[in-house]
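Lettering follows sequence order; numbering is per chain, from 1.
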Number of protein chains: 2
Amino acid sequence: MARRSNIDLTRALILGAAFEIMEQEGLDALSTRRLAARLSVQGPALYWHIRNKDELLGMMAASIYAEARAAVPRAEGWREWLTHYGLALHEAFRCRRDAARLCSIAKPIGDPREAAGAIAAPLVAFGLPEAKALSYQASVISLALGWAIFEVNGPMHAFLGSFMDLGKTFRTGLDALVEGYSA
Amino acid sequence: MARRSNIDLTRALILGAAFEIMEQEGLDALSTRRLAARLSVQGPALYWHIRNKDELLGMMAASIYAEARAAVPRAEGWREWLTHYGLALHEAFRCRRDAARLCSIAKPIGDPREAAGAIAAPLVAFGLPEAKALSYQASVISLALGWAIFEVNGPMHAFLGSFMDLGKTFRTGLDALVEGYSA
DNA sequence: ACCTGAACACCGTTCAAGT
DNA sequence: ACCTGAACACCGTTCAAGT
């Protein structure tokens, strides 16, 4: 990635650079000063474009959730969709370094009612009432996030990995959860 | 809590003070310098007793898990125990301020094999094989932690709370998970 | 053995000033 | 409109020196 200069900063540019730092050096290395340096700019310059670091983290988390939703393959029923959504989230939290940690500290951005509608939509399309759709998804997200947090925590990963296959065990739990909702 | 002085520092004293700060001022306020100040001592003094801040956080997390395990009432079968364990964890993560955030970043301390045995014991006592016991508990812990992380995140709590009853929805998910394991 | 003082290399954020 | 320089109030950790 060549060093830029004399190019206007934009929120998209900032978001991209933030992901690059998080993936290459980890969430702890994502400081406003380093981020600015990668954009060939001084630290305070960022504050013209973003309110503060929390807003940036919120944007990053929203982008991760959106990507996972988009990665869910076409399903034939809400059970199948929910399972694949859980798998996609779990994958997203693990493939992008520190994504799980990021999503656990990020504050939501945007309008709740709007977001809720968009989140529930795929399940509502299969005939589930919106309240149930949101309830089911909240648990699936929680399970995926909780698992990913442990898997992404280096020493905890080693700890758990010493007596179980993490991927398989997550799948077993996810299947049990979806199965339980069917009953 | 009267200001101490001229009293030897011990790991127990440090742990207690750390919990006080976390509960009263939040995890972000738990810096080594503040912790030392509360113990009427200079920052570097802590490093004689603990290896570093990570070790301290690990001790705190272990203590939270142990407390939740101890809070589970007598059960008549593994399903009942598992459900109450999930509820106790959820409660522990919510009643102690920032406990969920702490547990999601804390690195495990101590010997894995030893810990695994202790963790699995209650379910093994009900006749479950250790591998299953650990698998079931890992998912219950993940679900409780994932939920708690969202509930404990102020803006996220408001966001989710605007369209669901958090406590009830967690309970529904936990029941579905345990039900699913029974099938 | 246990603690202090001083230092190192950082943070997020603010704000006047520059262009 | 957009960015810089300087500053404020912090971090975790190390290490020689004190007692």
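Sequence neighbours left out, the pairs with a member in residues 136-157 of chain A that pass salt bridge (charged side-chain N to carboxylate O under 4.0 Å, His left out) are A:R94-A:E151.
Taking B:E80 as the reference, B:A75, B:E76, B:H84 meet the side-chain contact (heavy atoms from CB on, under 4.5 Å) condition, with sequence neighbours excluded. Here A:S162 pairs with B:P112 under the side-chain contact (heavy atoms from CB on, under 4.5 Å) rule; sequence neighbours left out. Residues forming a salt bridge (charged side-chain N to carboxylate O under 4.0 Å, His left out) with B:R34 (at least two apart in sequence, or on another chain): B:E25. With sequence neighbours excluded, the residues satisfying salt bridge (charged side-chain N to carboxylate O under 4.0 Å, His left out) with A:R171 are A:D175.
Paired runs in DNA chain C that reach 3 or more consecutive Watson-Crick or G-U pairs, where each pair keeps both distances under 3.5 Å, cover C:4-8 with D:12-16, C:12-16 with D:4-8.
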In residues 53-65 of chain A, what donor-acceptor pairs under 3.5 Å come from side-chain atoms, sequence neighbours left out?
unit_1 : atom_1 : unit_2 : atom_2 : d
A:K53  : NZ     : A:L30  : O      : 2.9
A:E55  : OE1    : A:R11  : NH1    : 3.4
A:E55  : OE1    : A:R51  : N      : 2.9

Hey, can you pull the donor-acceptor pairs under 3.5 Å for the side chains in residues 117-141 of chain A, sequence neighbours left out?
unit_1 : atom_1 : unit_2 : atom_2 : d
A:Q137 : NE2    : A:I119 : O      : 2.8
A:S139 : OG     : A:Y181 : OH     : 3.1
A:S139 : OG     : B:W147 : NE1    : 3.3

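Between A:Q42 atom CD and D:dG5 atom P the separation is 5 Å, expressed in whole Å. Look at CG on A:L13: it is 10 Å from P on D:dC3, rounded to the nearest Å. If you measure from atom CD1 of A:I50 to atom P of D:dC2, you get 15 Å, rounded to the nearest angstrom. At whole-Å resolution of the value, CG in B:L35 and P in C:dC3 are 13 Å apart.
The phosphate of C:dA1 has neither OP1 nor OP2 within less than 4.0 Å of any side-chain N or O from B:H49.
Considering only heavy atoms from C-beta on, B:S182 comes within 4.5 Å of B:W78 through its side chain.
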Pick out the pairs of N or O atoms, protein on one side and nucleotides 11-16 of chain C on the other, that lie under 3.5 Å.
unit_1 : atom_1 : unit_2 : atom_2 : d
C:dC11 : OP1    : A:S31  : OG     : 3.1
C:dC11 : N4     : A:R33  : NH2    : 3.4
C:dG12 : OP1    : A:T32  : N      : 3.4
C:dG12 : OP1    : A:K53  : NZ     : 2.8
C:dG12 : OP2    : A:T32  : N      : 2.8
C:dG12 : OP2    : A:T32  : OG1    : 2.9
C:dG12 : N7     : A:R33  : NH1    : 2.3
C:dG12 : O6     : A:R33  : NH1    : 3.0
C:dG12 : O6     : A:R33  : NH2    : 3.3
C:dT13 : OP2    : A:Y47  : OH     : 2.6
C:dT13 : OP2    : A:K53  : N      : 3.1
C:dT13 : O5'    : A:Y47  : OH     : 3.3

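Nucleotides D:dA9 and C:dC10, compared at atom P, are 22 Å apart to the nearest Å.
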